[in-house]
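This report concerns only the one structure given below.
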Amino acid sequence: MALQRTFSIIKPDAVAKNVIGAIYNRFESAGLRIVASKMVHLSREQAEGFYAEHSERPFFGALVDFMTSGPVMVQVLEGENAVLANREIMGATNPAEAAAGTLRADYAASIDENAVHGSDAPESAAREIAYFFSEEEVCPRTR
Ligand code: RTP
Ligand code: MG
């Protein structure tokens with residue numbers, strides 16, 4: 001499989017826990033390369049737009065409250081099969097169901113505050129990367 005990109009967020013709960021570096025280490029240890037990265041405090045408008053697919057769900061308001069409760073790290077990860085690889089590193093949405101050793105098993109407290117986001121398909125990855133980064137801000141490997 002060719003190199004692929006995915007979009008990742010370290011959510012406000014994990015930033016507050018001071019585990020940005022620990023989570024980046026998981027990505028790198030799994031062979032994923034960080035090719036763009038920044039810290040942002042999302043506005044409600046940004047969070048609502050990012051999670052627009054969930055706007056009719058009952059948890060949408062709580063999700064937006066949480067995602068705007070503190071700064072997040074947003075990053076683009078590049079590697080073989082990056083979308084699926086990142087979802088495996090993250091674990092299940094509900095940390096109670098996440099496999100041992102996954103980010104959500106180790107760092108998430110609940111389904112509402114679950115430490116990380118990762119794109120669920122190559123198409124959503126492309127859309128989500130463009131939502132946060134210009135093309136010049138993504139710096140693929142050159143050596
Ligand atoms: P994410 O988009 O954040 O990476 O999470 P995901 O793909 O694993 O899960 P998704 O279905 O896209 O849901 C987005 C976020 O909404 C919250 N959620 N709460 N209470 C609930 O039943 C429920 N379901 C989803 C979670 O915080 C989830 O990460
Ligand atoms: Mg999702």
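Counting convention: from 1, in listed order, for ligands and their atoms alike.
Among all protein heavy atoms, the one lying closest to atom 24 (N) of ligand 1 is F59 CE2, 3.3 Å. Regarding atom 29 (O) of ligand 1, its nearest protein heavy-atom neighbour is N114 ND2, 2.8 Å. Looking at atom 5 (O) of ligand 1, its nearest protein heavy atom turns out to be R104 NH2, 3.3 Å. Here the heavy atom of the protein found nearest to atom 4 (O) of ligand 1 is H117 ND1, 2.7 Å.
Listed by number with element, the atoms of ligand 1 under 4.0 Å from a non-hydrogen atom of Y51 are 1 (P), 2 (O), 3 (O), 14 (C). For ligand 1, the atoms lying closer than 4.0 Å to a non-hydrogen atom of G118 are 4 (O).
Proximity of F66 to ligand 1 is not established, as no heavy-atom distance is less than 4.0 Å. Taking 4.0 Å as the cut-off, R87 counts as a neighbour of ligand 1 on heavy-atom distance. Heavy-atom separations between I111 and ligand 1 include at least one value shorter than 4.0 Å.
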* Asked: F132 and F50: ring pair (Phe, Tyr, Trp, His ring centres under 6.0 Å), yes or no, with the steps?
  -> CA-CA 9 Å; F132 282 101; F50 182 75; 5.7 Å; yes

* Can you check ring pair (Phe, Tyr, Trp, His ring centres under 6.0 Å) on F66 and Y51, steps first, answer last? -> CA-CA 12 Å; F66 166 58; Y51 277 120; 9.4 Å; no

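Both the sub-6.0 Å distance and the 45° axial angle are satisfied by K38 relative to the ring of F133.
Formation of a donor-acceptor pair under 3.5 Å by the R26 side chain with backbone atoms of G101 is found in this model.
Compare H54, M90, K11 by their heavy atoms: the one nearest to atom 11 (O) of ligand 1 is in H54. The heavy atom nearest to atom 9 (O) of ligand 1, considering only D13, I9, T93, is found in T93.
For CD of E53, the number of neighbouring non-hydrogen atoms (other residues, nucleotides, ligands) closer than 6.0 Å is greater than 12.
By the 4.0 Å N-to-carboxylate-O rule, E78 lies close enough to R5 to be salt-bridged with it.
In the hydrophobic cluster analysis, where Ile, Leu, Val, Met, Phe, Trp and Tyr join through side-chain heavy atoms closer than 4.5 angstrom, L63 is grouped together with V74. I9 and V83 fall into different hydrophobic clusters, defined by Ile, Leu, Val, Met, Phe, Trp and Tyr side-chain heavy atoms under 4.5 Å apart, directly or through other members.
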